Amino acid sequence: MWVRIEDIGEYEGKEVEIRGWLFNSRSSGKIHFILIRDGTGIIQGVVVKGEVPDDVFELADELTQESSIIVRGIVRKDPRAPGGYELGVKDIKLVHLSESYPITPKSHGVAFLMERRHLWIRSRKQNAILRIRAEVVNAAREFLNKEGFLLVDAPIFTPSACEGTTTLFEVDYFGRPAYLSQSGQLYMEAACMAFGKVYCLGPCFRAEKSKTRRHLTEFWQIEPEIAYADINDAMEVAERLVACVVERVLERRKRELEMLERNTEVLEKIKVPFPRISYDEAVKILKEKGMDIEWGEDFGAPHETELANSFSSPFFVHRYPKKIKAFYMKEDPDNPELSLSFDMLAPEGYGEIIGGGQREERLEKLKESIKRHNLPESAFEWYLDLRRYGTVPHAGFGLGIERTVAWICGIHHVREAIPFPRMLDTLYP
RNA sequence: UCCUCGGUAGCUCAGUGGUAGAGCGGCCGGCUGUUAACCGGCAGGUCGCAGGUUCGAAUCCUGCCCGAGGAGCCA
């Protein structure tokens, strides 16, 4: 019977078949220990001379790292085995004898591993991260589905920028210029007027020449948008979403977090509501800490890190100055200098994981804003229509998947939080 | 785009003016409970590239290429 290693505990004492690859092996002459991985886990197979046919014993000795094999044996509990269970091997079928595998069990540099990302994802740590990523996406989608949000897919080819044109990837669309989407948000605004509560999940593209541990040129976002909602409603959904995602990963991916040696104490303490500070307060805190910042400036990485160090859970910074936020942000009725925008910053120096806010729903105000930002009004006619035909207050946000995964996993760089990262200088493999 | 650091065996690195090195990986041999096993042996090099200084350059100088870290930029 073909079983998966993650379920092996259910088959104690039974004969099973594992289909996988040789992870590593050790030998003591008359006994070989072969570590088999199948994508769900790793189990040690024990091959003893005399207990298997001679050709099987010899094969176990000749197996190279990453050779694909089908192994039959009896599952038994053994405290000496990594993982607690081992396989008393009865037979090994060789599917392919691997060539000398470049990623050895010793240390390698980042450049070497990134060049071999297609193989690197087989290794334990990368495997754990990508499993957690899948859990994060599943948890977020299940949360939103349960809350009555409808999945509405946004286009990837778009006719215009939603910000300036400097950070867009331009492509030739049958002789016309088109751009890869930076965000599904504008389309979600249309969709929420059709369905009430919606979200999209997909890749976003930014042609920024950013070279930091928090940037990719292609990254994924989940973007909810809610009709008849204000900034507070959006923040409340955002914090419950993040709390739910963290809880789910703790519950279902404990093994992976252990593998990553993630200190889960911080994650376990996360409870709604998250702290909320205004941009004004944030600037005051940073100035008190002696940081170089003036009111009206956006936060740089050191500012975000410093702020994050003041909190042990994710927290909101809200009501940023209007001029450093996007054109569609609604003006704060209490202060025309401010916008009804917010960011959620992760603790432990991971920075912004959510950006959102209440959108400007009034036609004239939005037109003014488009003009002020030097954007071509003609490209936004469809978007302005949303303010002509039954406009309502609405709000939403975008959760960056890679930054969220990097934070939950406690890894240093977002490039490991996505299977095949696209960065300034990385387009291969 | 800017700043800093780096490029030596397949990999990770040591060697800072005088014979090219180690550990891991590979190959060969040994070992009946290994835990990134261990022990013995063997093979493996355009010292990033080009020029210069010097009796002599992996080592010093200049330029270029590539990589990493950070900054700026960043719905």
Side-chain angles (χ1 to χ4, degrees), chain A residues 23-35 42-51 57 61-62 64-66 76 78-84 86 88 98-116 123-125 154 158 161-164 166-168 181-189 204-217 219 221 223 225 297-305 320 324-329 339 341-343 351-352 354-357 359 373 375 396-400 403 412-415 423-426:
Chain A
F23 188 75
N24 195 8
S25 68
R26 295 177 277 273
S27 167
S28 325
K30 301 287 188 302
I31 180 165
H32 300 307
F33 299 95
I34 56 173
L35 290 177
I42 293 175
I43 189 166
Q44 170 170 280
V46 183
V47 192
V48 181
K49 194 174 174 74
E51 292 179 16
F57 186 79
D61 191 39
E62 283 163 8
T64 50
Q65 193 187 348
E66 286 304 316
R76 55 185 186 228
D78 194 313
R80 293 170 297 185
E86 64 179 24
S98 174
E99 293 177 28
S100 180
Y101 192 64
I103 303 177
T104 65
K106 291 284 172 174
S107 65
H108 300 281
V110 177
F112 179 83
L113 292 167
M114 285 306 310
E115 277 279 304
R116 292 157 185 81
S123 67
R124 276 197 258 216
K125 196 175 157 191
T158 59
C162 67
E163 302 298 302
T166 51
T167 66
L168 286 166
S181 174
Q182 293 175 306
S183 162
Q185 186 206 308
L186 303 189
Y187 295 95
M188 287 307 100
E189 289 187 53
C204 301
F205 305 88
R206 285 201 295 210
E208 283 153 14
K209 306 224 165 176
S210 299
K211 193 176 174 298
T212 83
R213 68 194 189 90
R214 302 207 302 253
H215 284 90
L216 299 165
T217 54
F219 66 102
Q221 272 197 130
E223 295 175 278
E225 193 74 27
E297 289 173 358
D298 206 353
F299 302 134
H303 302 119
E304 285 189 1
T305 303
Y320 283 82
I324 57 171
K325 284 291 175 183
F327 77 94
Y328 47 72
M329 288 298 185
S339 61
S341 55
F342 68 88
D343 285 349
E352 181 187 342
I354 282 181
R359 323 304 187 188
H373 283 80
L375 296 167
F397 61 90
L399 170 75
R403 287 185 183 179
H412 180 72
H413 201 299
V414 291
R415 66 186 162 211
M423 293 174 294
L424 190 51
D425 297 310
T426 305

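What you see is a predicted model; the values in this text were computed from it and never measured. Proteins come first, then strands; the chains are lettered A, B, ... in the order of their sequence lines, and each starts at number 1.
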Distance-minimising heavy-atom pair for A:His32 and A:Ser27: ND1-OG, 2.9 Å

Using atom [atom1] of each nucleotide, how far apart are [N] and [M] to the nearest Å?
{"N": "B:rC28", "M": "B:rA68", "atom1": "C1'", "value": "38 Å"}
{"N": "B:rU4", "M": "B:rU62", "atom1": "P", "value": "13 Å"}
{"N": "B:rC65", "M": "B:rU54", "atom1": "P", "value": "28 Å"}
{"N": "B:rG51", "M": "B:rG56", "atom1": "P", "value": "16 Å"}
{"N": "B:rA50", "M": "B:rU12", "atom1": "C1'", "value": "28 Å"}
{"N": "B:rA22", "M": "B:rC42", "atom1": "P", "value": "11 Å"}
{"N": "B:rC27", "M": "B:rG10", "atom1": "C1'", "value": "14 Å"}
{"N": "B:rC64", "M": "B:rG72", "atom1": "C1'", "value": "25 Å"}

How would you list, by chain and number, every residue that makes a salt bridge (charged side-chain N to carboxylate O under 4.0 Å, His left out) with A:Arg403, sequence neighbours excluded? none

Go through the structure and list residues passing salt bridge (charged side-chain N to carboxylate O under 4.0 Å, His left out) with A:Asp78, not counting sequence neighbours. A:Arg80

Does any N or O in the side chain of A:His413 come within less than 3.5 Å of the main-chain N or O of A:Arg415, such that one atom is a donor and the other an acceptor? yes

Say whether, by atom type as modelled, one donor and one acceptor occur between the side chain of A:Gln65 and the main chain of A:Ile103 under 3.5 angstrom. yes

Could you tell me whether [X] contacts a base, only the sugar-phosphate backbone, or nothing, with contacts defined as non-hydrogen atoms closer than 4.0 Å?
{"X": "A:Asp78", "result": "base"}
{"X": "A:Phe219", "result": "base"}
{"X": "A:Glu352", "result": "nothing"}

How long is the line joining [atom1] of [X] and [atom2] of [N], in whole Å?
{"X": "A:Gln44", "N": "B:rU34", "atom1": "CD", "atom2": "P", "result": "10 Å"}
{"X": "A:Leu35", "N": "B:rG33", "atom1": "CG", "atom2": "P", "result": "17 Å"}
{"X": "A:Lys49", "N": "B:rC31", "atom1": "NZ", "atom2": "P", "result": "10 Å"}
{"X": "A:Arg26", "N": "B:rC39", "atom1": "CZ", "atom2": "C1'", "result": "17 Å"}
{"X": "A:Glu62", "N": "B:rC27", "atom1": "CD", "atom2": "C1'", "result": "13 Å"}
{"X": "A:Met114", "N": "B:rA68", "atom1": "CE", "atom2": "C1'", "result": "13 Å"}
{"X": "A:Gln65", "N": "B:rC24", "atom1": "CD", "atom2": "C1'", "result": "12 Å"}
{"X": "A:Asn24", "N": "B:rC24", "atom1": "CG", "atom2": "P", "result": "14 Å"}

Which of the following nucleotides, [options], is nearest to the side chain of [X]?
{"X": "A:Arg415", "options": "B:rG33, B:rA68, B:rA36", "value": "B:rA68"}
{"X": "A:Pro105", "options": "B:rC27, B:rA36, B:rU32", "value": "B:rA36"}
{"X": "A:Ile31", "options": "B:rG26, B:rA36, B:rG33", "value": "B:rG33"}

Is A:Glu99 atom CD crowded by more than 12 heavy atoms from other residues, nucleotides or ligands, each under 6.0 Å away? no

Output one letter per nucleotide in nucleotides 7-12 of chain B: B when a protein non-hydrogen atom lies under 4.0 Å from the base, S when only the sugar-phosphate is that close, - when neither is. ----SS

Under a 3.5 Å limit for both distances, which nucleotide forms a Watson-Crick or G-U wobble pair with [N], could you say?
{"N": "B:rC5", "result": "B:rG67"}
{"N": "B:rU12", "result": "B:rA22"}
{"N": "B:rA58", "result": "none"}

Which comes earlier along RNA chain B counting from the 5' end, the contact point of A:Phe33 or that of A:Thr426, where each point is its nearest nucleotide? A:Phe33

Between A:Leu424 and A:Phe299, who's closer to the 5' end of RNA chain B by nearest nucleotide? A:Leu424

Show your working on side chain to side chain contact (heavy atoms under 4.5 Å, CB included) between A:Met423 and A:His215 and close with a plain yes or no. CA-CA 8 Å; A:Met423 293 174 294; A:His215 284 90; over 6 Å; no

Could you check whether any side-chain heavy atom of [X] comes within less than 4.5 Å of a side-chain heavy atom of [Y], counting everything from C-beta outward?
{"X": "A:Arg26", "Y": "A:Leu35", "result": "yes"}
{"X": "A:Phe219", "Y": "A:Arg206", "result": "yes"}
{"X": "A:Phe33", "Y": "A:Val46", "result": "yes"}

Can you check nucleotides 70-73 of chain B for protein contacts, nitrogen or oxygen pairs under 3.5 Å, and list what you find?
| from | atom 1 | to | atom 2 | distance (Å) |
| --- | --- | --- | --- | --- |
| B:rG70 | OP1 | A:His412 | NE2 | 3.4 |
| B:rG72 | O6 | A:Lys211 | N | 2.9 |
| B:rG72 | N1 | A:Lys209 | O | 2.8 |
| B:rG72 | N2 | A:Lys209 | O | 3.4 |
| B:rC73 | O2 | A:Ser210 | OG | 2.5 |
| B:rC73 | N3 | A:Ser210 | OG | 3.1 |

With no hydrogens and no angle check, just 3.5 Å: does a side-chain donor-acceptor pair link A:Tyr328 and A:Gln185? yes

Does a donor on one side chain sit under 3.5 Å from an acceptor on the other, for A:Gln221 and A:Ser183? no

Pick one for B:rU62: is it syn, with its angle within 90° of 0, or anti? anti

Using a strict 4.0 Å threshold on nitrogen-to-oxygen distance, state whether A:Asp343 and A:Lys325 make a salt bridge. yes

Could you run down the sub-3.5 Å N/O contacts of the protein with nucleotides 42-47 of chain B?
none

With sequence neighbours left out, write down each residue that passes side-chain contact (heavy atoms from CB on, under 4.5 Å) with A:Glu304, or none if nothing qualifies. A:Arg214, A:Phe299, A:Leu345, A:Glu352

